[in-house]
Each structure stands twice: as C-alpha cells, then as structure tokens.
Trainee: 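One structure follows; several queries about it will come next.
Residue numbers count from 1 along this sequence. It should be emphasised that the depicted structure is a prediction, and the values quoted were computed from it without experimental measurement.
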Amino acid sequence: MACGEFYVIQEGDTLFTIAAQFNTTPENILRLNSALEADNLPIGRRICVISATEQPVTCPLGTLPYNINQGDTILSIAMRFGTTVEALLSANPDVDPYNLQVGQRICIAQSFQEPPECPTRNFYVIRRGDTLRAIAASFGVSVADIRRLNPDLTPSNLVIGQIICIPAAPSPIEIIVNISAKRLTVYRNGSIYREYIVATGKPETPTPVGVFEVVNKEIDPGGPYGTRWLGLSARGYGIHGTNNPASIGTAASNGCIRMYNEDIEALFDITVVGTPVRILP
C-alpha cells in the first residue's frame with residue numbers, strides 16, 4: 001500500500017500525540033487506518049500516517065473530503081457517491097485519474113440539501129458505512145424513533161451526505177475545551193473518545209470560561225463559521241468550522257471555538273442538543 005509514512009505505535013501514544021507529531025489530525029489517521037480504534041492503540045502496530053502538508057486540510061464548502069482506498073478508481077468513486085467522473089475531475093483539477101495514490105485526498109461535490117423538519121434540532125449527516133441500527137445505538141435511541149422523525153427514510157438505502165433528524169435523548173458525550181492547550185476533548189462514558197486542536201478567542205475577545213451546553217445545531221452556516229455550527233448556552237458563542245484553517249491552534253477568534261471543517265463535521269455528528277460543554281482556562 002502506498003503511504004506517506006508509516007509509524008509504529010509506542011507505549012503512551014494517543015491519536016492526538018501521533019497526529020501532532022506528523023502535523024495531521026486524529027480523523028485523518030482513522031481514515032487511513034480503517035481497522036484502528038481511537039481508544040485501543042496496540043503497542044507495536046504499524047499504521048499509515050500522511051502529514052497535513054501532503055494533502056489539503058479541508059475541502060471547500062459544498063464538497064465532501066474523501067481519502068483514496070486501495071482498489072479505488074475515479075469511476076468507482078463516482079458511482080459510490082452518485083456523481084460523474086467529469087464532476088470529480090472538475091472538483092479536483094490537479095488529480096491524475098490514472099495515478100491515484102492510497103491515502104490521497106480528493107473533494108467530492110455535494111448537491112445542496114435542505115435540512116428536514118427536525119423539532120429536536122439534532123441533525124445528523126449520513127457517513128460512509130453508517131447503518132440505522134448503528135446510528136440509533138450511538139445516540140441511545142431506537143430505530144423506530146428515528147424512522148418516526150424521518151418518514152421518508154429508507155433504512156436499506158442510506159445516502160452519504162443525507163441529513164436526518166435524531167430524537168431527543170440524554171447526551172452520550174461530554175465536551176471539554178482547554179483554552180491554554182488549544183484542545184477540545186470528547187469524553188464518552190468517562191473515557192477520552194476523541195481529541196482535536198482548536199482555535200480560541202483573542203486576548204481582547206476571550207473565550208468564556210464555565211459550564212455550558214449545546215443549544216442548537218446548524219449545517220453549512222458558511223463564511224467564517226465553516227461547514228457546521230454548535231451553538232452554546234453562552235449567548236453568541238459556539239463551536240464551529242472555519243474558512244481560515246491556518247488559524248487553528250492559535251488565539252484568533254472573537255471568542256468562539258474554531259475547528260477544522262472536517263473535525264467539526266465529525267463532532268457535529270456525535271453531539272446532540274443538551275450536550276454539556278466545559279470550557280477551562
């Protein structure tokens with residue numbers, strides 16, 4: 001398998017520390033190593049790592065990032081995502097369709113989809129490999145409850161990028177933001193589940209410290225807010241994507257918490273309205 005670089009997992013490693021070492025993100029590592037589990041890193045295991053400098057950090061708004069897998073062709077990718085070879089090549093003018101590399105990132109144009117009516121405001125965007133049973137289990141709700149809120153949903157034909165409504169339920173996660181470390185950590189059942197590098201407020205517009213909760217979720221707010229928005233009970237503040245990925249890891253915002261678009265999309269899909277968010281100095 002062609003790979004930017006291989007790394008052997010050492011004692012004490014986490015996805016966050018490995019990602020920081022290679023100037024990439026935990027999400028990128030998981031995408032390149034499909035059998036790898038974030039909370040189970042076997043010492044001595046050889047994994048593939050591609051640094052963020054070797055591929056775009058994010059894809060433009062309206063496109064979906066995709067990492068080439070072994071055996072992929074432009075045609076097979078187009079068929080998988082319901083698009084055309086011409087549309088893929090148009091969105092990726094620098095890609096050689098006859099020389100795709102495993103781990104190489106391309107951007108897949110998505111047709112705009114209005115979010116469905118969702119009284120809970122708990123939107124979820126279907127990802128590759130999802131099943132309705134797995135989605136229901138991750139949020140602690142039933143398949144029947146999801147189908148009641150999404151009457152037009154066909155469980156056997158989930159479409160990548162499709163937006164569905166999730167029933168209200170106690171949050172399965174807790175989010176902790178450490179301002180000084182520029183780090184957002186997701187805890188699930190008391191254990192670290194995911195970690196991300198973030199941007200926080202400038203000295204003159206600091207990020208508020210305290211205990212809050214997610215009060216709303218928005219898809220594709222655009223502009224400086226990137227591809228996703230998680231509004232907080234601290235009025236006017238939220239966790240969101242960005243159109244300035246170079247600012248991540250710095251004190252650059254007006255008080256909100258910025259993330260790479262690909263990271264906020266992953267966080268968005270595991271967060272429900274009511275999720276507690278603790279922000280530390």
Trainee: Specify the closest pair of heavy atoms between K182 and G249, including all atoms of both residues, with the distance to one decimal.
Mentor: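 Here K182 and G249 meet closest at CG-O, 3.7 Å.
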Trainee: Hey, does I164 have a side-chain heavy atom less than 4.5 Å from the side chain of F123?
Mentor: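 A side-chain contact under 4.5 Å is absent here.
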Trainee: Would you mind reporting whether V125 and I160 have side-chain heavy atoms less than 4.5 Å apart?
Mentor: no
Trainee: Show the nearest heavy-atom pair for residues P97 and V95, with the distance to one decimal.
Mentor: CD-O, 3.3 Å
Trainee: Tell me whether N254 contacts the main-chain N or O of T205 through its side chain, where contact means a donor paired with an acceptor under 3.5 Å.
Mentor: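 No, the answer is negative, given that no donor and acceptor are paired below the 3.5 Å cut-off.
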Trainee: What closest approach, in Å, do R183 and V198 show between heavy atoms, and which atom pair accounts for it?
Mentor: N-CG2, 3.8 Å
Trainee: Can you check whether V186 reaches I192 side chain to side chain, under 4.5 Å on heavy atoms?
Mentor: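 Sidechains of I192 and V186: no contact.
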Trainee: Under a 4.5 Å side-chain heavy-atom rule over Ile, Leu, Val, Met, Phe, Trp and Tyr, are L267 and V215 clustered together?
Mentor: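 Looking at the clustering, V215 is in a separate group from L267.
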Trainee: Would you kindly say whether D269 and T271 are connected by a side-chain donor-acceptor distance under 3.5 Å?
Mentor: no
Trainee: Side chains of S233 and E213: donor-acceptor distance under 3.5 Å anywhere?
Mentor: no
Trainee: Quick check on the hydrophobic clustering: are Y187 and L184 connected, directly or via other members, by side-chain heavy-atom contacts under 4.5 Å?
Mentor: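 Different clusters.
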Trainee: For a quick test of reading the model, state the closest non-hydrogen atom pair linking R127 to D130 and the distance between them.
Mentor: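 Smallest interatomic distance, heavy atoms only, reads N-OD2, 2.7 Å.
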Trainee: Do side-chain atoms of T154 reach the backbone of N157 as a donor and acceptor pair under 3.5 angstrom?
Mentor: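 Answer holds: no.
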Trainee: Going through the checks in order, is the salt bridge (charged side-chain N to carboxylate O under 4.0 Å, His left out) test met by R228 and E218?
Mentor: CA-CA 6 Å; R228 300 287 187 272; E218 299 297 335; over 6 Å; no
Trainee: Between F212 and Y196, is there shared hydrophobic-cluster membership here, with clusters defined by ILVMFWY side-chain heavy atoms closer than 4.5 Å?
Mentor: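 In one cluster with F212: Y196, yes.
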Trainee: Judged by modelled atom types alone, do T275 and S171 share a side-chain donor-acceptor pair under 3.5 Å?
Mentor: yes
Trainee: Output the distance between atom OG1 (T207) and atom OH (Y237), rounded to the nearest 0.5 Å.
Mentor: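 Between atom OG1 of T207 and atom OH of Y237 there are 8.0 Å.
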Trainee: Just by distance, do the side chain of D145 and the backbone of V141 share a donor-acceptor pair under 3.5 Å?
Mentor: no
Trainee: I want to check something: taking the side chain as every heavy atom from C-beta on, are R258 and I239 in contact at a cut-off of under 4.5 Å?
Mentor: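 Heavy-atom side-chain distance check fails, nothing below 4.5 Å.
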Trainee: What I'd like to find out is whether the side chain of P208 reaches to under 4.5 Å of the side chain of R235, using heavy atoms alone.
Mentor: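 Of all side-chain heavy-atom pairs linking R235 with P208, none is under 4.5 Å.
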Trainee: To the nearest 0.5 Å, what is the distance between CZ on F268 and CG on N122?
Mentor: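 The CZ atom of F268 sits 8.5 Å away from the CG atom of N122.
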Trainee: Measure across T120 and V273 and return the closest heavy-atom pair with its distance rounded to 0.1 Å.
Mentor: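 Looking at all heavy atoms of both residues, the shortest contact is O-CG2, 3.7 Å.
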Trainee: Any side-chain heavy atom of I219 within less than 4.5 Å of one from T227?
Mentor: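 Of all side-chain heavy-atom pairs linking T227 with I219, none is under 4.5 Å.
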Trainee: Are the side chains of I179 and V209 in contact, using a 4.5 Å heavy-atom criterion?
Mentor: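 With C-beta onward as the side chain, the pair touches.
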Trainee: Closest approach of S247 and A252, non-hydrogen atoms and distance?
Mentor: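 So the two residues come closest at CB-CB, 3.8 Å.
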Trainee: Drop me the distance from L232's CG to C256's SG, to the nearest 0.5 angstrom.
Mentor: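 L232 CG to C256 SG: 7.5 Å, rounded to 0.5 Å.
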Trainee: Report the C-alpha separation of I18 and Q10 in whole Å, then their side-chain angles, then the decisive distance to 0.1 Å, and conclude whether the side chain to side chain contact (heavy atoms under 4.5 Å, CB included) test is met.
Mentor: CA-CA 10 Å; I18 298 171; Q10 308 293 317; over 6 Å; no
Trainee: Can any side-chain N or O of N178 pair as donor or acceptor with the backbone N or O of S180 at less than 3.5 Å?
Mentor: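 Yes: the side chain of N178 pairs with the backbone of S180.
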Trainee: Distance from I197 atom CD1 to D263 atom CG, nearest 0.5 Å?
Mentor: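 The CG atom of D263 is 8.5 Å from CD1 of I197, to the nearest 0.5 Å.
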Trainee: Distance from M259 atom CE to I264 atom CD1, nearest 0.5 Å?
Mentor: 5.0 Å
Trainee: Kindly say whether G226 contributes a backbone atom to a donor-acceptor pair with the side chain of T242 at under 3.5 angstrom?
Mentor: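 Flag not set: sc T242 to bb G226 has no pair under 3.5 Å.
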Trainee: Check whether W229 and I175 end up in the same hydrophobic cluster, where Ile, Leu, Val, Met, Phe, Trp and Tyr are linked by side-chain heavy atoms less than 4.5 Å apart.
Mentor: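 Looking at the clustering, I175 is in a separate group from W229.
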Trainee: Whether the D13 and Y7 side chains hold a donor-acceptor pair (N or O, under 3.5 Å, no angle test) is what I'd like checked.
Mentor: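 The criterion, which ignores hydrogens and geometry beyond distance, is satisfied for Y7 and D13.
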Trainee: Same cluster or not: are Y193 and V214 linked, directly or through other Ile, Leu, Val, Met, Phe, Trp or Tyr residues, by side-chain heavy atoms under 4.5 angstrom apart?
Mentor: yes
Trainee: Report the distance from atom CG of L230 to atom CD1 of I257, rounding to the nearest 0.5 Å.
Mentor: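 Rounded to the nearest 0.5 Å, the CG-CD1 separation comes to 9.5 Å.
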Trainee: Indicate whether any N or O donor in one side chain lies under 3.5 Å from an N or O acceptor in the other, for Y225 and D220.
Mentor: no
Trainee: Is there side-chain contact between P119 and C165, with heavy atoms separated by less than 4.5 Å?
Mentor: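 When only atoms from C-beta onward are counted, C165 and P119 do touch, with a gap below 4.5 Å.
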